[in-house]
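Proteins get letters first, then strands, A, B, ... in listed order; numbering begins at 1 in each.
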Protein chains: 2
Amino acid sequence: MDEIDRKIIGILAQDSRRSLTDIGAAVELSPSSVNERIRRLVASGVIRRFTIDADHRALGLDVLAFVWVGLSPDADEEAFRTFMAGHPSVAECHHVTGAWSYCVKVRMPSLGDIEPFLAELKRRRFLARSETVIALSTVRETQFTSPER
Amino acid sequence: MDEIDRKIIGILAQDSRRSLTDIGAAVELSPSSVNERIRRLVASGVIRRFTIDADHRALGLDVLAFVWVGLSPDADEEAFRTFMAGHPSVAECHHVTGAWSYCVKVRMPSLGDIEPFLAELKRRRFLARSETVIALSTVRETQFTSPER
DNA sequence: ATTGGAAATGGATGAGATCGACAGAAAAAT
DNA sequence: ATTTTTCTGTCGATCTCATCCATTTCCAAT
């Protein structure tokens with residue numbers, strides 16, 4: 001994990017389809033070396049996977065919401081995590097400090113889909129209390145700022 | 001945007017390096033057709049970009065926090081958005097309903113880096129009030145659940 | 001049925017990923 | 001200090017795969 005690796009990560013984060021030759025030129029290394037470095041980054045888990053950044057709106061997921069979850073005292077926390085990991089509407093789920101137990105980011109087709117989701121959490125006895133915050137617009141949704149160009 | 005396009009998106013979200021032949025087999029289409037569909041999905045903006053999912057810990061970003069921002073009444077909101085869009089520690093920034101103006105997801109090397117960030121927001125007269133929630137662990141951080149296999 | 005437009009196919013071509021053999025540098029051991 | 005080992009890089013060959021184009025098929029509209 002040196003400066004070159006970080007540079008490669010940055011380039012791939014911007015566009016993971018850049019050719020090895022291209023990346024090699026940017027970091028002043030042969031395509032083979034870049035290939036080997038990427039292979040190692042994947043093997044070591046630094047690169048979790050190659051993926052795409054899709055427009056959720058275009059996919060019919062028009063609503064983005066943050067659901068704060070206060071777990072009920074008798075809730076099966078392991079079951080909750082499994083449920084979250086498998087639910088198609090859940091984009092993120094974090095265990096957090098503060099007044100709430102979990103912060104859950106969900107994407108759904110419409111506002112109307114939120115209530116059934118909360119109802120399901122309640123039905124499964126996970127929920128003691130919750131608060132839902134709707135995102136009106138998104139300023140940004142990527143960690144990596146494109147470096148100087 | 002039909003069922004096949006959605007299927008392709010799903011496959012690429014899981015692994016954007018799958019070959020066209022491979023994807024073609026999965027959706028029962030020739031590699032050329034898959035290529036053309038992907039080209040159109042990119043052109044129409046449904047696929048925003050090809051990227052990677054990196055392990056932030058390995059990159060030295062050990063801390064994940066949600067900063068709830070209450071914008072001060074005299075804040076230059078456009079300047080705030082520009083600042084958020086450009087700040088390297090900001091992973092997400094959403095305009096939200098409820099008691100707060102914005103929800104900002106930040107990733108930083110250490111807890112100690114949060115205070116200077118807030119100080120900077122204050123210095124720029126953006127901040128009326130704020131609340132910071134630290135993520136202790138992450139259950140999930142991807143929208144797409146891998147379909148049946 | 002006929003026609004027009006869009007999407008799919010198959011094959012050719014060139015770009016690029018991948019692999020092995022070798023060289024050089026850095027680190028470790030004596 | 002010298003030798004040995006290990007690691008990282010380069011080069012060149014090969015083979016896979018993306019890309020492009022000509023043709024065909026499919027579907028919808030009249």
Side-chain angles (χ1 to χ4, degrees), chain A residues 1-62 109 142-144 146-149, chain B residues 1-62 109 142-144 146-149:
Chain A
M1 248 288 120
D2 59 4
E3 198 45 52
I4 294 181
D5 280 338
R6 263 181 291 276
K7 226 169 176 176
I8 291 175
I9 298 265
I11 291 171
L12 291 177
Q14 265 192 278
D15 178 9
S16 65
R17 286 206 294 189
R18 289 274 290 277
S19 76
L20 298 177
T21 311
D22 217 14
I23 300 172
V27 301
E28 301 188 323
L29 232 53
S30 72
S32 304
S33 299
V34 176
N35 194 31
E36 174 62 12
R37 277 174 180 265
I38 293 177
R39 198 197 56 74
R40 276 208 311 268
L41 287 169
V42 171
S44 67
V46 177
I47 294 177
R48 290 217 195 86
R49 57 179 178 175
F50 287 74
T51 182
I52 54 169
D53 196 354
D55 179 1
H56 302 283
R57 286 262 164 77
L59 295 173
L61 299 171
D62 288 338
T142 45
Q143 171 89 41
F144 292 100
S146 45
E148 83 300 323
R149 88 180 43 198
Chain B
M1 249 290 122
D2 59 2
E3 198 45 52
I4 294 181
D5 280 338
R6 264 182 289 275
K7 225 169 177 177
I8 292 175
I9 298 263
I11 292 170
L12 290 177
Q14 263 192 279
D15 178 7
S16 65
R17 285 205 296 188
R18 288 275 291 276
S19 77
L20 298 176
T21 310
D22 218 13
I23 301 172
V27 302
E28 301 189 321
L29 232 53
S30 72
S32 306
S33 299
V34 175
N35 194 29
E36 174 62 12
R37 276 172 179 267
I38 293 176
R39 198 197 57 71
R40 275 208 312 268
L41 287 169
V42 171
S44 67
V46 176
I47 295 178
R48 290 215 194 86
R49 58 179 178 175
F50 286 74
T51 183
I52 53 170
D53 197 352
D55 179 2
H56 302 282
R57 286 263 164 77
L59 295 174
L61 298 171
D62 288 338
T142 45
Q143 172 88 41
F144 291 100
S146 46
E148 83 299 324
R149 87 180 45 197

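The two residues B/I23 and B/R18 come nearest to each other via the heavy atoms CD1-O, 3.7 Å. Of all the heavy atoms in B/D55 and A/G45, the pair that sits closest is CB-O, 3.5 Å. Of all heavy-atom pairs spanning B/D62 and B/P109, the tightest one is CB-O, 3.5 Å. Nearest heavy atom pair, residue B/R48 against residue A/A54, reads NH1-O, 3.2 Å. The two residues B/L41 and B/S44 make their nearest non-hydrogen contact at O-OG, 3.3 Å.
For the pair B/R49 (side chain) and A/D53 (backbone), a donor-acceptor distance under 3.5 Å is absent.
The terminal axes of the helix from C/dA1-D/dT30 to C/dT30-D/dA1, fitted over 5 pairs per end, subtend an angle of 40° to the nearest 10°.
Distance CZ (A/R17) to C1' (C/dA17): 15 Å, rounded to an integer number of Å. In this structure, the CE atom of A/M1 is 13 Å from the P atom of D/dT8, given to the nearest Å. Atom P of nucleotide D/dT10 and atom CG of A/L20 are separated by 13 Å, given to the nearest angstrom. Rounded to an integer number of Å, the gap from B/R18 CZ to D/dA18 C1' is 16 Å.
Annotation: proximity of residues 22-30 of chain B to DNA chain D (heavy atom, distance under 4.0 Å) is found for no residue. The stretch residues 32-44 of chain B comes close to DNA chain C through B/S32, B/S33, B/R37, B/R40, each having a heavy atom under 4.0 Å from the strand.
Among B/R37, B/R40, B/K7, the one residue that satisfies the salt bridge (Lys or Arg N to Asp or Glu O under 4.0 Å) test with B/D2 is B/R37.
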- Steps toward side chain to side chain contact (heavy atoms under 4.5 Å, CB included) verdict (B/L29, B/I4): CA-CA 9 Å; B/L29 232 53; B/I4 294 181; 4.2 Å; yes

- For A/F144 and B/L59, run side chain to side chain contact (heavy atoms under 4.5 Å, CB included): C-alpha distance rounded to whole Å, both residues' side-chain angles, the deciding distance at 0.1 Å, then the answer. CA-CA 12 Å; A/F144 292 100; B/L59 295 174; 3.8 Å; yes

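The neighbour count for B/R6 CZ, taken as heavy atoms of other residues, nucleotides or ligands under 6.0 Å away, is above 12.
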